[in-house]
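To start, the structure under review is shown below, and the notes come after it.
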Number of protein chains: 2
Amino acid sequence: MVVFAGQGDVQRTMALLWRTAGPGDPRTAPGPKPALSVDMIVDAAIAVADAEGMSSLSMRAVGERLGRTAMALYTYVPSKGELVDLMYDRALAELPRGYDGEAGWRAALTRWAGDGWAFYLRHPWVLQVSQARPVLGPNEYVMMETLLGVLRGTGLGAPVVRRLVGTLIYFVRGTVQPVAEARQAATATGVPDQEWWDGRSAQIAQVAPDFAERFPMVVWLGTEGASPLGDEADEPCPDDDRPYMEAEAEKTFQAGLTVLLDGIEAAMRRAGL
Amino acid sequence: MVVFAGQGDVQRTMALLWRTAGPGDPRTAPGPKPALSVDMIVDAAIAVADAEGMSSLSMRAVGERLGRTAMALYTYVPSKGELVDLMYDRALAELPRGYDGEAGWRAALTRWAGDGWAFYLRHPWVLQVSQARPVLGPNEYVMMETLLGVLRGTGLGAPVVRRLVGTLIYFVRGTVQPVAEARQAATATGVPDQEWWDGRSAQIAQVAPDFAERFPMVVWLGTEGASPLGDEADEPCPDDDRPYMEAEAEKTFQAGLTVLLDGIEAAMRRAGL
DNA sequence: CTGATATCCTTATGCTGTAAAGAGATAGCT
DNA sequence: AGCTATCTCTTTACAGCATAAGGATATCAG
């Protein structure tokens, strides 16, 4: 299930996201000094999510990591939903903030996409934060600004760029998602990827003996190796520890990106650039 | 949180998916006749998910819709995870199974993408079924076969097509996702999209008065034409009831698809087709 | 010192998936 | 016909979840 953004007090959420919260009068209030902070909680929550996946992210788990009960967190954060928002925005801060355009926009965009790929693999849970409504934290805008800086190199106008932005982001997200979730599932369930796959495909042969007749093109896709393009033949990737699936997904990513870049070039040509 | 596929007895799951389950000896066993069936349960579950979203899909809710308790379902389905797998595969059966290639592959692919878009909007919860490991039900292969039938029209070889498949599917999924989840969130929380958005963007102005200096390109993106951020739409969106966001996302979808199609054409040209 | 306010804990409520055990129906077998 | 194995479905129970409510305790301004 997707975690929806918190819908509590909008004002407080935004203040937390943009860090305009505390420092009105820092230490004049009575009561014990806070032993925790929003930052500590967000960090602990990210650590939990990184290590054990979003499905293991509970208020108890976060509290435990800080030596507190679950309820102690509610002093700092209105609800779990808001905490997830904060985690999301904090994680985005890791992304590079600018790309050198000297080698051309194609190279820059390729590096941007690669960094995104690596980022989502580092924090797979980010893909599970609902995109229904933007979190609207500062780092989301920073990320947007970074991408726009790269796209400016194409010389395309705002209306075109506006559409490209979504396409590019969703492309990266979409192509990493299977890889990220497969990793999560493998660690969460303890079943290695290869094993799971073997079991299933053995079952398919048994349960659908007429597979080749029912799905001829799927079989064709799997068997035919040589490309009329003359691009590199598919090797079994011998000295590669990662699951086969990941290597394959990465090729999909690279090839898909090429298609996108070519498409952008076509748009530029059409715009007379 | 993403719902992971059930990891119970692989054999039984596959049998359920491919419907090779029951009819060994249909009516020789003692005991009361089953009042339910896997199909009825899957239908009821889909109805719940369609109406109230994946987060409201509980075994109790499904059972209630059938006049049974939650536990009654476990006679037919091993776990909630398996049920979700079955829902997913059943839903996919709705998709068209072939596209006329007479008007060219571009037209066919455009129609394919449009049907996918509509499908995901009809069943937003499908986007929340984990893609970590393929469900491997029959209709997933049918869908693949359909797409491959369209892509065959390009004349490209298997290795290239193999990569295009993922790119296209993720593109469609990625671009509908915000729209689908926004609809879900709006109905689930009862907060209309416009209202939520207004509250947040008003807060941004207050919390980041220096927004224009910090994010000049975001502002540029928003001022030249309609904006996903802040200001009202400059572009006319007459007699359209849907939230502004949806219309905008649809444009992103169309424009992104054009970029993809242009990119595919470039790949064909490079292959000498 | 007093009263107000802060952090943090304990307890409790209503969800969730599902394990365990039992009630009642129905078939084949004797 | 009666017995018994087997099936469906219910009840009850349990652990885990987010979080509401209330209480204990520490710290400030006066």
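Residue numbers begin at 1 in each chain, while the letters A, B, ... track the order of the sequences.
Separating the CG atom of A/L83 from the C1' atom of D/dT19 is a distance of 14 Å, rounded to the nearest angstrom. Atom CG of A/L57 is separated from atom P of D/dT19 by 11 Å (rounded to the nearest Å). Summarising the geometry, the separation between CD on B/E64 and P on C/dC15 is reported as 11 Å, rounded to the nearest angstrom. Straight-line distance from the CE atom of A/M71 to the C1' atom of D/dG22: 11 Å, rounded to whole Å. In this structure, A/R68 places its CZ atom 12 Å from P of C/dT10, rounding to the nearest Å. Note: CE (A/M40) to P (C/dT7) measures 14 Å, nearest angstrom.
Using a 4.0 Å heavy-atom criterion, one finds that B/A72 contacts the bases of the nucleic acid, with or without backbone contacts as well. Contact annotation for A/S58: backbone-only contact, meaning every heavy-atom pair under 4.0 Å involves sugar-phosphate atoms and none involves a base. Across all strands shown, B/L73 has no heavy atoms under 4.0 Å from either base or sugar-phosphate atoms.
In this structure, A/E145 does not pair ionically with A/R97, as no charged nitrogen and carboxylate oxygen lie closer than 4.0 Å. A salt bridge does not link B/D50 to B/R122: none of the charged nitrogens lies less than 4.0 Å from a carboxylate oxygen. Ion pairing between B/D39 and B/R19 holds under the 4.0 Å rule for side-chain N and carboxylate O.
Applying the 4.0 Å criterion to OP1 and OP2 of C/dC8, one finds that A/Y74 has every side-chain N and O outside that range. Dashed line: the shortest gap from a side-chain N or O of B/T69 to OP1 or OP2 of D/dC9 is not under 4.0 Å. Checking the phosphate oxygens (OP1, OP2) of C/dA27, a side-chain nitrogen or oxygen of B/K33 falls inside 4.0 Å.
When each of A/F119, A/W117, A/F253 is checked for a side chain to side chain contact (heavy atoms under 4.5 Å, CB included) with A/V176, only A/W117 meets the rule. Of the candidates B/N139, B/V129, B/I46, B/Y88 forms a side chain to side chain contact (heavy atoms under 4.5 Å, CB included) with just one, namely B/V129.
Summary of the strand contacts: A/A35 and B/M59 both lie near DNA chain C, and taking for each the nucleotide with the nearest heavy atom, the more 5' one is attributed to A/A35.
Residue B/P32 places its side chain closer to D/dC7 than to any other of C/dT7, D/dC7, D/dT12. Across C/dT26, D/dT19, D/dC9, the shortest atom-to-atom separation from the side chain of A/K80 is found for D/dT19. Nearest nucleotide to the side chain of A/P30, out of D/dC9, C/dC8, C/dA4: C/dA4. Across C/dT7, D/dC9, D/dA21, the shortest atom-to-atom separation from the side chain of B/Y76 is found for D/dC9.
Checked by distance alone, B/R60 brings a side-chain donor or acceptor within 3.5 Å of a matching partner on the base of C/dG17.
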